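Everything below concerns the one structure shown next.
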There are 2 protein chains.
Amino acid sequence: MALEHAILVSLEERPGSGYELAGRFDKSIGYFWAATHQQIYRTLKRMVELDWVAVEHIAQQGRPDKKHYRIAAGGRAELRRWLAEPSEPAHLREELAVKVRGASLGDVAAVRAEVARHRDHHAERLDVYRVIEKNDFPDPGSLHGRGLHQYLVLRGGIRAEQGMVEWCEEVLEALGRDRS
Amino acid sequence: MALEHAILVSLEERPGSGYELAGRFDKSIGYFWAATHQQIYRTLKRMVELDWVAVEHIAQQGRPDKKHYRIAAGGRAELRRWLAEPSEPAHLREELAVKVRGASLGDVAAVRAEVARHRDHHAERLDVYRVIEKNDFPDPGSLHGRGLHQYLVLRGGIRAEQGMVEWCEEVLEALGRDRS
DNA sequence: GCTACCTATGCAACAAGGTGCACTGCAACC
DNA sequence: GGTTGCAGTGCACCTTGTTGCATAGGTAGC
């Protein structure tokens, strides 16, 4: 499972609480690997038992106590092991595509409206990425190491969203032209 | 869940056995929504209980008996209902991206090799799609209705694989240039 | 003659992900 | 003064997906 490894990578970049991690998985790293707070709390607990992360209980006044996590030596070793290991190419899983394929068995106009909605969604997401690209990586040519790696992942997100927007446009155009 | 609906769409196009469906989900429709034979048998069983599909037991000699499934009226109604309903945009889930992001915590060369492997995989998949496009849809401009919808989904697959290949190339080039 | 694969279905167990809820106390809004 | 939202962790339950195994006769290759 990659969730553990995504958490390890994120904690290595910056230690933090489960709540704070859940926030990160709701944006930034979460754009490429989503997770709910439930998954994160459960996984952190398991990783403490495995000695992949270290916990520190922090008492707070006025707000709930929290647990601060940071990556442990075992976690670093696990990351190295996992990075060297081959991984399965992810396969597509796009409900919208199934709907397009079956559109003629229902209301084609409704499916078309869904495609338009998805296009808007992906266009918004694309905007978010472009802003990040502009603000955080103004000079991509000068990047090295970790910064470069983060940039490349962002580039993947941009490509994916751009591709989806273009596909939605193609579908909208074709369905709009079709009168049968 | 969309697996049920993907099966319904597939059965509507052509009735068949669970085994035969598992074959389809191993190629064609499976390129966009993968499923194992286990999932398919379980889901078919459930859909029979819901009266979404009808079964016919067929005794065979020399080979195991089989069950032939076709879509029922309830399944058609469910498809119409589902097609009219909005669906959540899928979020990305690409383990390779997590590896690229964490590459500096391990053997960057190994991650780079993985990216090359994935590029090859997606390039092969892209070839498969291009062959289907050329053979099954020689004249896209003349397509209507169901044929057009199938073509549009294939176009989505082509775009996705093309995008992945290009991203892998970008990553390979950038990692190859980086000496830090 | 032995191995391996194909057809065909399915159970059992497990891993992973998602949903709903519960508790607490402060700050901000209207 | 009541509602909403945030910070913070977690349980219980449910759905979805994966893996290993079982069964059994036919066919194809070495």
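The chains referred to below are lettered A, B, ... by the order of the sequence lines, with proteins before strands, and numbering in each begins at 1. As the structure is a computational prediction, the values presented were derived from the model and not from experiment.
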(request) For the residue pair B:Q162 and B:R125, confirm or rule out a side-chain donor-acceptor distance under 3.5 Å. (result) no
(request) Write down the distance between CG (A:L44) and P (D:dC11), rounded to a whole number of angstrom. (result) 13 Å
(request) Flag the pair A:I7 / A:L21 as yes when at least one side-chain heavy-atom distance between them is below 4.5 Å, and no otherwise. (result) yes
(request) Take nucleotides 8-17 of chain C nucleotide by nucleotide from the 5' end and write B, S or -, depending on whether a protein heavy atom sits under 4.0 Å from the base, only from the sugar-phosphate, or from neither. (result) BBBB----SB
(message) Would you call the rings of A:Y41 and A:H37 parallel, tilted or perpendicular, taking 30° and 60° as the class edges?
(response) perpendicular
(message) Rounding to an integer number of Å, can you tell me how far A:I58 CD1 sits from D:dA7 P?
(response) 16 Å
(message) We want to know whether A:E94 and A:W167 form a side-chain donor-acceptor pair, criterion being a heavy-atom distance below 3.5 angstrom.
(response) no
(message) Please identify which of these residues, B:H5, B:E13, B:H149, meets the side chain to side chain donor-acceptor pair (under 3.5 Å) condition with A:R101.
(response) B:E13
